[in-house]
Chemist: 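Have a look at the structure that comes next, please.
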Amino acid sequence: IGYNVAMSANGNKMVIGSPYFDGSSYVSSKNYGSIQILSWGGTSWTQDSSEGGGGDNYKLGEQVAISGDGKVVAATQNVGLGQIKLYKNGSHYATLRGANYSVISGFGMALSLSGNGRWLALSGQAVTGQTNYTPGYIKVINVADGTYSQWGADILGPDSTYANLG
């Protein structure tokens with residue numbers, strides 16, 4: 001538990017990512033992953049919600065982020081080119097897929113949500129048009145309007161081997 005953790009601005013909400021969790025233990029090598037969303041009750045933490053990854057090596061929760069107000073959570077999942085699952089007030093409401101954003105590798109290697117949960121910044125290894133496999137990129141996506149549109153062009157790393165921007 002606690003491979004990755006993020007906390008709201010006031011410290012009353014927290015998300016914990018456990019990408020190597022296997023459903024009931026950390027012993028086997030299935031790596032389903034899980035996330036837990038917790039609230040501070042004044043004297044202890046209580047679990048608001050949790051979710052497990054959907055299959056072998058999904059590694060849900062390898063990266064997690066929470067908005068400053070604690071209402072929106074983002075968590076990566078290792079499916080296809082990468083996925084980012086979004087939660088609002090503890091309930092899953094959308095899954096962003098790397099294939100929909102011209103990604104060829106590593107969608108969601110790092111995440112950050114804006115204070116109000118409207119914008120998601122993410123990084124990855126490579127997008128269509130980059131000639132090397134790992135120059136890196138940053139994307140900013142509007143996650144509040146329901147269209148999940150990208151805000152501006154990709155910010156690209158130098159086109160050199162293993163630059164790994166982001």
Chemist: Show the nearest heavy-atom pair for residues S49 and G90, with the distance to one decimal.
Modeler: OG-O, 3.1 Å

Chemist: On a heavy-atom basis, which atom in P19 and which in G61 lie closest, and how many Å separate them?
Modeler: CD-O, 3.9 Å

Chemist: Taking only residues two or more places apart in sequence or in another chain, which ones pass side-chain contact (heavy atoms from CB on, under 4.5 Å) with N89?
Modeler: K71

Chemist: Could you tell me how the ring of Y3 sits relative to the ring of Y20: parallel (under 30°), tilted (30 to 60°) or perpendicular (over 60°)?
Modeler: perpendicular

Chemist: Return the minimal non-hydrogen interatomic distance between Q63 and G108, and the atom names on each side.
Modeler: CG-O, 3.9 Å

Chemist: State the OG-CG distance between S18 and N4, to the nearest 0.5 angstrom.
Modeler: 9.5 Å

Chemist: For A65 versus A6, what's the shortest heavy-atom pair and its separation?
Modeler: CA-CB, 4.1 Å

Chemist: Does N78 reach the main-chain N or O of K59 with its side chain, forming a donor-acceptor pair under 3.5 Å?
Modeler: no

Chemist: Quick one: pull up NZ in K85 and OG1 in T95 and give me the separation to the nearest 0.5 Å.
Modeler: 5.0 Å

Chemist: Of V140, I84, L113, which meets side-chain contact (heavy atoms from CB on, under 4.5 Å) against L122?
Modeler: I84

Chemist: Without swapping roles, check the side chain of Q150 against the backbone of G152 for a donor-acceptor pair under 3.5 Å.
Modeler: yes

Chemist: After noting the C-alpha distance and the side-chain angles of W151 and N142, does the key distance pass the side chain to side chain contact (heavy atoms under 4.5 Å, CB included) rule?
Modeler: CA-CA 7 Å; W151 193 31; N142 182 337; 5.7 Å; no

Chemist: Search all heavy atoms of Y101 against all heavy atoms of I141 and return the closest pair with its distance.
Modeler: CE2-CD1, 3.7 Å

Chemist: Rounded at 0.5 Å granularity, tell me how far NZ in K139 sits from OG in S123.
Modeler: 11.5 Å

Chemist: Under 3.5 Å, side chain of D22 to main-chain N/O of N31, donor-acceptor pair present?
Modeler: yes

Chemist: Group every Ile, Leu, Val, Met, Phe, Trp and Tyr by side-chain heavy-atom contacts under 4.5 Å, then state whether V64 and L60 land in the same group.
Modeler: yes

Chemist: Are any non-hydrogen side-chain atoms of N100 and Y148 less than 4.5 angstrom apart?
Modeler: no

Chemist: Y87: what forms a ring pair (Phe, Tyr, Trp, His ring centres under 6.0 Å) with it, not counting sequence neighbours?
Modeler: H92

Chemist: Same hydrophobic cluster for L111 and V143, using side-chain heavy-atom links shorter than 4.5 Å among ILVMFWY?
Modeler: yes

Chemist: When you group the ILVMFWY residues by side-chain heavy-atom contacts below 4.5 Å and let the links chain together, are W119 and I155 in the same group?
Modeler: no

Chemist: Could you tell me whether a side-chain N or O of K13 sits under 3.5 Å from a main-chain N or O of I66, the two making a donor and an acceptor?
Modeler: no

Chemist: Please name all residues satisfying side-chain contact (heavy atoms from CB on, under 4.5 Å) with W45, sequence neighbours left out, ordered by chain then number.
Modeler: M7, M14, L38, W40

Chemist: Determine the minimum heavy-atom distance between F107 and L96, stating which atoms define it.
Modeler: CE2-O, 3.6 Å

